[in-house]
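I have placed the structure first, in the form of C-alpha cells, so that the comments after it can refer back to it.
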Amino acid sequence: MEWFLHTLREYPELAIFLTLALGTLLGKLRYKTVSLGSVTGVLIAGVFVGQLNIEIAPIVKSTFFLLFLFAVGFGVGPQFFNSLKKEGLPQIFFAAILCVLCLLSGWAAAEICGFGVGLGSGLYAGSSTISAVIGVASDAINQLPLSAEQKKIETDAIPVAYAVTYLFGTAGSAWILASLAPKILGINFEESCKELEKQMGSGDNEPGVISAYEPIGMRAYKLESEEAFGGTVRELEARFQPHRVFVERIRRGNDTIEAAGSLSLSEGDILAIGGKREDLVKAVQLIGTEVDDPSLLNFPAETLDLVVTRKEYFGKTLQELAEVESGKPSRGIFVRKILRGSVELPVTHGLKLARGDVITLSGAKRDVERVARHLGYADRVTDATDILFLSVGILFGALIGALAFHIGSVPISLSTSGGVLIAGLICGWLRSTHHRLGRIPGPAVWAFNNVGLAVFIAVVGIDAGPQFVEGLKNSGVALLIAGAIATTVPLILGLLIGKFFFKMHPAILIGACAGARTTTAALG
C-alpha cells in the first residue's frame, strides 16, 4: 500500500484513471430506477482519491474541458441553427426562459442560505444537472478580483454543492416531469402521447414509411396472377398499397432485366421483390409462388447514412418524399433511422426533414446512390478525424472567449469555455452545410464528449478532495434543501408557462422541460 500511494503521487496521471474506473463503477450502481450516473460517480471517486493529497496540473483539467465543450457544440450545431427557424423558435424561447428560471432559483436559494459564489455555483450546477457549469463557474471565479487563496476556496466549494444537490436534481426532476407534471397539466400522460403519435403518423399504415425497427427483405416470386399479366411494374407495386413494396429485378427467360416502373410484366416472369418481411408474405397471393433464385437476388444492396443538405427538401415530410413519382428520390428506398444531432427521431410519415439530418437508408445500391445525389451527401464510414479543423475551432473559440470588457470593476466575457462552445456550434453547422469540411466521426465526438467531461470532473474531484468533507459537514443539510427547491420551482413554473403562454402539446412541453433542464433521466 505504501508503494501504491507513493506511485500515485509520483505519477498523478495514474490517479486520474483510477478515479475514472472507480467512478464509472459507482455510477452504475442502481437502486430501483435511481443511479448516480457516471459524472457524479467520478466526482465522488475523485473526492476519495483526493484525500491522498495528489496534485494534478490545472492545464489537464482545462484541456479536457475544452474538448468536451467543443464536442457538445459540434454535435448539436446543425440542430441548434435549424431550430432558430419557424417551428423551433417557440421551443428555443421556452428553453431560454426555463434556463433563466433555473438561474434565478439557484441564485435566490444561495442568497437566502448565505452561500458564497462557490457553493452557489455548485448549487446551480447540481440542481439543474448541468455539469458544464462547474468549469464555466471556475473560469468566472478565476477572473474575479480575489486573492489566489480565496479563489481556491470558492472553486473547491463548487463540487461540494454539486455532489449534494445533483441526486435530487436528477431523480427529483424525473419524478416531477413523469408523475407530477401530468397532474399539474390535468392530462392522462399516456393518452396525450398517443394522440401526438397519431398526429405524427406513428402506427398508421401510410405509404412511404416503415418502422425503423422492422427488418427489410428481398425475395423472388414467379408471376402467376392473371390480374398482373400485361400490367406494369408500377401497377403491380400499387396493389400492395398502402405498404411499400418494390420490384427490383426481373428474370425473363435467360435474361435479367433491371425493373422500371413502366415495364410490362409477362406470365412466368421471376420477380425480385423488396419490402418489409410481413408485406412480402402477402406477395404469394398477389403475385404467385415464391422461388429460390440466388442469381436474381445477387445484386449490390447498401445501407448508407445520408446527410440532408439540399434546401428544396428542408421541411418536406417523409410522406411527401414517398408519394413522388417513379424515378424521384423515394422509389426502392427504405428509411431505417433518422438522427438530428445526437437524437434519434421517430420515423413517421409526418416527420419533416431539416438541414443536417442523418438518414439511414437501405435498398439496392443504385437506388441508394440516386437518393444520395438528390438529398445531400453520403456520410460514408471512416475513422479519420480532421484534427486541423478540431484544433483551429478550439483555438479561435478560446481566443474570442478570452476577450473581455469591463463594466466598472467587473470583467465581462464569454470565457474560453463559452467561446469554445460557440465555436463548436458553428463548426458543427459548417460541417452540415459544407460536407467536405471538418470530418469528425460520431465515435470520435462521443469520445471527446464523454472522456473530456469525465477527465475534467475527475481532476475537479481530486483537487477538491481535501476540502470536500469539511464543506459537506458545514453546509450539507442546507445544500440539500436549497437544491431541492432550486430543482422543483423552475420545473413547475416552466410547465405552467408552457401550457398557458406557449400552448404547447403536453408531450412536447414535458420533453422541452427535460431538454432545457438537461435531465436525460426524465426522458427515461
Side-chain angles (χ1 to χ4, degrees), residues 65-96 99 130 132 136 305-316 337-345 351-360 372 374-382 384-403 414-450 452-453 512 515-516 518:
F65 187 58
L66 294 183
L67 272 175
F68 158 69
L69 287 175
F70 184 86
V72 169
F74 186 87
V76 304
Q79 183 180 359
F80 174 78
F81 286 102
N82 287 331
S83 67
L84 296 178
K85 305 172 185 176
K86 299 179 183 177
E87 299 172 359
L89 280 176
Q91 294 181 36
I92 286 288
F93 290 143
F94 174 79
C99 286
I130 177 68
V136 176
D305 288 341
L306 178 69
V307 182
V308 180
T309 59
R310 295 281 292 274
K311 66 169 64 176
E312 57 265 37
Y313 294 106
F314 301 165
K316 294 283 188 181
K337 182 173 68 173
I338 297 181
L339 288 177
R340 183 166 295 166
S342 58
V343 179
E344 183 173 343
L345 302 179
L351 178 66
K352 293 182 179 180
L353 297 179
R355 180 199 294 271
D357 283 354
V358 180
I359 309 178
T360 302
H374 274 88
L375 290 181
Y377 73 94
D379 193 22
R380 301 186 188 279
V381 177
T382 175
T385 293
D386 190 338
I387 298 297
L388 175 63
F389 185 77
L390 170 73
S391 303
V392 171
I394 293 176
L395 173 63
F396 276 93
L399 288 174
I400 293 171
L403 297 174
L414 290 171
S415 77
T416 54
S417 51
V420 169
L421 177 60
I422 292 174
L425 289 170
I426 294 173
C427 289
W429 174 76
L430 287 173
R431 166 66 181 166
S432 72
T433 56
H434 300 82
H435 60 272
R436 293 179 177 83
L437 184 68
R439 167 75 186 184
I440 304 179
V445 175
W446 182 94
F448 294 146
N449 193 325
N450 290 273
L453 178 61
T518 63

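Basis for what follows: all heavy atoms, side chains included, without hydrogens, waters or symmetry-related copies. The structure presented is a predicted model; accordingly, all values stated were derived computationally and were not measured.
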Non-neighbouring partners of V136 that pass side-chain contact (heavy atoms from CB on, under 4.5 Å), sequence neighbours left out:
F65, S417
Might you point out which heavy atoms bring C427 and G393 nearest each other, and give the distance in Å?
SG-CA, 4.1 Å
Counterpart residues, side-chain contact (heavy atoms from CB on, under 4.5 Å), relative to L403 (two or more places apart):
none
According to the side chain to side chain donor-acceptor pair (under 3.5 Å) rule, which pairs have a member within residues 68-78, sequence neighbours left out?
none
List in chain and number order the residues that pass side-chain contact (heavy atoms from CB on, under 4.5 Å) with A354, two or more places apart in sequence or in another chain; answer none if no residue qualifies.
N82, R340, D357
Decide side chain to side chain contact (heavy atoms under 4.5 Å, CB included) for F396 and I426; before the verdict, give the C-alpha distance in whole Å, the side-chain angles of both, and the deciding distance to 0.1 Å.
CA-CA 11 Å; F396 276 93; I426 294 173; over 6 Å; no
Measure across F448 and A71 and return the closest heavy-atom pair with its distance rounded to 0.1 Å.
CB-CB, 3.7 Å
Does CZ belonging to F389 count more than 12 external heavy atoms closer than 6.0 Å?
yes
Donor-acceptor under 3.5 Å (N449 side chain, V445 main chain):
no
Between the CG atom in L453 and the CG atom in L69, the distance rounded to the nearest 0.5 Å is 9.0 Å
Out of curiosity, T385 OG1 to L390 CG, how far, rounded to the nearest 0.5 Å?
8.0 Å
side-chain contact (heavy atoms from CB on, under 4.5 Å) partners for L425, two or more places apart:
V76, F80, F81
State, to 0.1 Å, how close A402 and T416 come at their nearest heavy-atom pair, and which atoms those are.
CB-CG2, 4.2 Å
If the condition is ring pair (Phe, Tyr, Trp, His ring centres under 6.0 Å), which residues does F94 pass it with, not counting sequence neighbours?
F502
Of the non-hydrogen atoms in A516 and C99, which two are nearest, and what is the gap between them?
O-SG, 4.0 Å
Show your working on side chain to side chain contact (heavy atoms under 4.5 Å, CB included) between I400 and I422 and close with a plain yes or no.
CA-CA 10 Å; I400 293 171; I422 292 174; over 6 Å; no
If I take atom CD1 from residue I359 and atom CD1 from residue I338, how far apart are they, to the nearest 0.5 angstrom?
5.0 Å
Do you know the tightest heavy-atom contact between G397 and A423?
CA-CB, 3.7 Å
In Å and rounded to the nearest 0.5 Å, what is the CG to CZ distance from L353 to R310?
13.0 Å
